[in-house]
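To keep things clear, I will list the structure first and then write my remarks on it.
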Amino acid sequence: MTSIPHILLIYTGGTIGMTKDYKTGALKAFDFNKLLKHIPELNLLNCMIDSVSFEEPIDSSNMNTQHWVSIVEIIEDNYEKFDGFVVLHGSDTMSYTASALSFMFENLTKPVIFTGSQLPIGDLRTDAKENLITSIQVASEIKNGKSVVQEVCLYFEYKLYRANRTTKMNAEHFEAFSSPNFPPLGESGVHLKFHNSLIFKTKRFKKIKIRKKLEDNIVILKLFPGITRNAVKSILEIKGLKGVVLETYGSGNAPTDSWFIDLLKSALKKGIKIVDVTQCAGGSVILGHYETSVELQKIGLISGKDITTESALAKMMYLLGEKIKMKDFKQLFETPLRGEMIE
Ligand code: ASP
């Protein structure tokens, strides 16, 4: 590690680097080099910053698993050269990408901080500068020769979160993200404070492992009162389907109708993995707590416990990509791998 931290800024797109098309009034991505011109303050930070940009920066609504792999490969290629990584990303799907990266890197010992903004960097009232500058500071924070943060995080509006615990909860407030089931890992006020006891610790002797095989034949199925047999059947019978994130009610409850349970049973029989996550913003699935989840537990649904939908989707893609043995899959899914759920 050099005496001054060396940070790699990875620009993928999003509002932070957007500009207004005055003809249409729509926001569109612009050249990353212009983004840096807007923040001369970066020169005042006690670190060296290099940057790399997606050839074509994108609105994060266009993100897909190939883009996730591209971000991972940029970090992989530069892992030894840099002390920390800041990923600039649109806020719309940031929790999905950041959750996915948390699983794609095992035994991470350097910070990967996702950030973005609600207003473009050139806007007078922009939130981009604070988010970017503090993210770089977080990524540069070193104590006793080690990075203070050694996991994938999301920094937004004065709070540092574990990425795989976050969800975008507001489309216009500067405070766009929340982490309903896990407290922030740090806060920025007059001082930049870290809650060290909450930060994920990797055993230093373990070598980093990078996983790039993600299974994308999966769906999120959100229940609603009145959902028809036809709708559930069509989804569960999608050709090649490998996994389902089933968004249920409350603590993991679902209709007890026999048609519903039978459809789930036959999907499970075909080897499709189904994880039960709650539609509620906070709290945990407790299978068997109500009569309306007893049958789900009996037929072998995976409990998503207090995981977010974003993180459940990422974990499903990752574990299915790893070709875990049938008998180990459920137990592994129910085990916290990167701090994404309770024990
Ligand atoms: N639509 C933008 C995106 O996610 C919003 C943002 O950057 O905050 O790319």
Side-chain angles (χ1 to χ4, degrees), residues 10 12 54 58 60-77 79 85 87 89 93-110 112 114 151-154 162-167 200 202 206-221 235-247 264 267-277 300-305 307-341:
I10 303 164
T12 68
F54 269 16
I58 54 169
S60 75
S61 302
N62 287 320
M63 274 284 160
N64 57 38
T65 51
Q66 263 320 304
H67 294 117
W68 296 350
V69 172
S70 302
I71 303 171
V72 164
E73 285 179 341
I74 293 173
I75 297 175
E76 181 180 24
D77 293 346
Y79 196 70
F85 303 86
V87 183
H89 191 288
T93 64
M94 194 187 295
S95 290
Y96 289 92
T97 305
S99 296
L101 260 73
S102 79
F103 294 110
M104 294 166 84
F105 287 113
E106 191 176 341
N107 305 329
L108 197 64
T109 51
K110 299 186 180 184
V112 175
F114 276 77
E151 58 174 305
V152 181
C153 291
L154 188 155
R162 171 164 301 148
N164 58 31
R165 290 291 198 155
T166 62
T167 190
F200 197 82
T202 297
K206 287 202 167 167
K207 208 174 156 333
I208 187 158
K209 287 189 191 146
I210 299 174
R211 330 280 191 164
K212 298 185 211 166
K213 280 180 268 136
L214 297 172
E215 174 59 66
D216 49 16
N217 281 312
I218 72 173
V219 291
I220 297 175
L221 172 53
I235 289 170
L236 295 181
E237 288 180 359
I238 291 172
K239 213 166 148 248
L241 187 69
K242 299 274 184 332
V244 179
V245 176
L246 183 67
E247 273 202 6
L264 292 178
L268 291 169
K269 220 167 144 200
K270 280 193 267 172
I272 296 172
K273 308 289 187 295
I274 308 178
V275 58
D276 184 333
V277 302
L301 250 58
I302 299 164
S303 171
K305 301 183 184 176
I307 201 168
T308 59
T309 296
E310 292 88 331
S311 205
L313 181 100
K315 192 171 182 176
M316 184 67 94
M317 286 179 164
Y318 158 63
L319 289 180
L320 285 171
E322 286 300 303
K323 308 265 180 281
I324 309 291
K325 279 199 199 109
M326 188 86 163
K327 64 172 186 28
D328 300 332
F329 195 92
K330 180 174 186 296
Q331 200 229 332
L332 199 56
F333 203 111
E334 291 177 352
T335 306
L337 301 177
R338 312 278 191 273
E340 74 284 3
M341 54 164 56

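Just so you know, these numbers use all the heavy atoms, side chains as well, and skip hydrogens, waters and symmetry mates. None of the values given here were measured: they were computed from a predicted structure.
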Residue list, side-chain hydrogen bond (donor to acceptor under 3.5 Å, both in side chains) with [X], at least two apart or on another chain:
| X | result |
| --- | --- |
| S311 | none |
| K212 | E73, E76 |
| K273 | none |
| S95 | T166 |

Worksheet entry | Ion pair E151/R162, N-O distance below 4.0 Å | yes
If the condition is side chain to side chain contact (heavy atoms under 4.5 Å, CB included), which residues does [X] pass it with, not counting sequence neighbours?
| X | answer |
| --- | --- |
| I208 | Y79, F105, L108, I210 |
| E106 | K209, R211, Y318, R338 |
| D77 | none |
| T97 | M63, W68, I71, H89, T93, L101, F114 |

Discussion item. Can you list everything that forms a ring pair (Phe, Tyr, Trp, His ring centres under 6.0 Å) with F200? Sequence neighbours excluded, please.
Written reply: none
For [X], give me all partners under salt bridge (charged side-chain N to carboxylate O under 4.0 Å, His left out), at least two apart in sequence or on another chain.
| X | value |
| --- | --- |
| K270 | none |
| E247 | K222 |
| E340 | K315 |

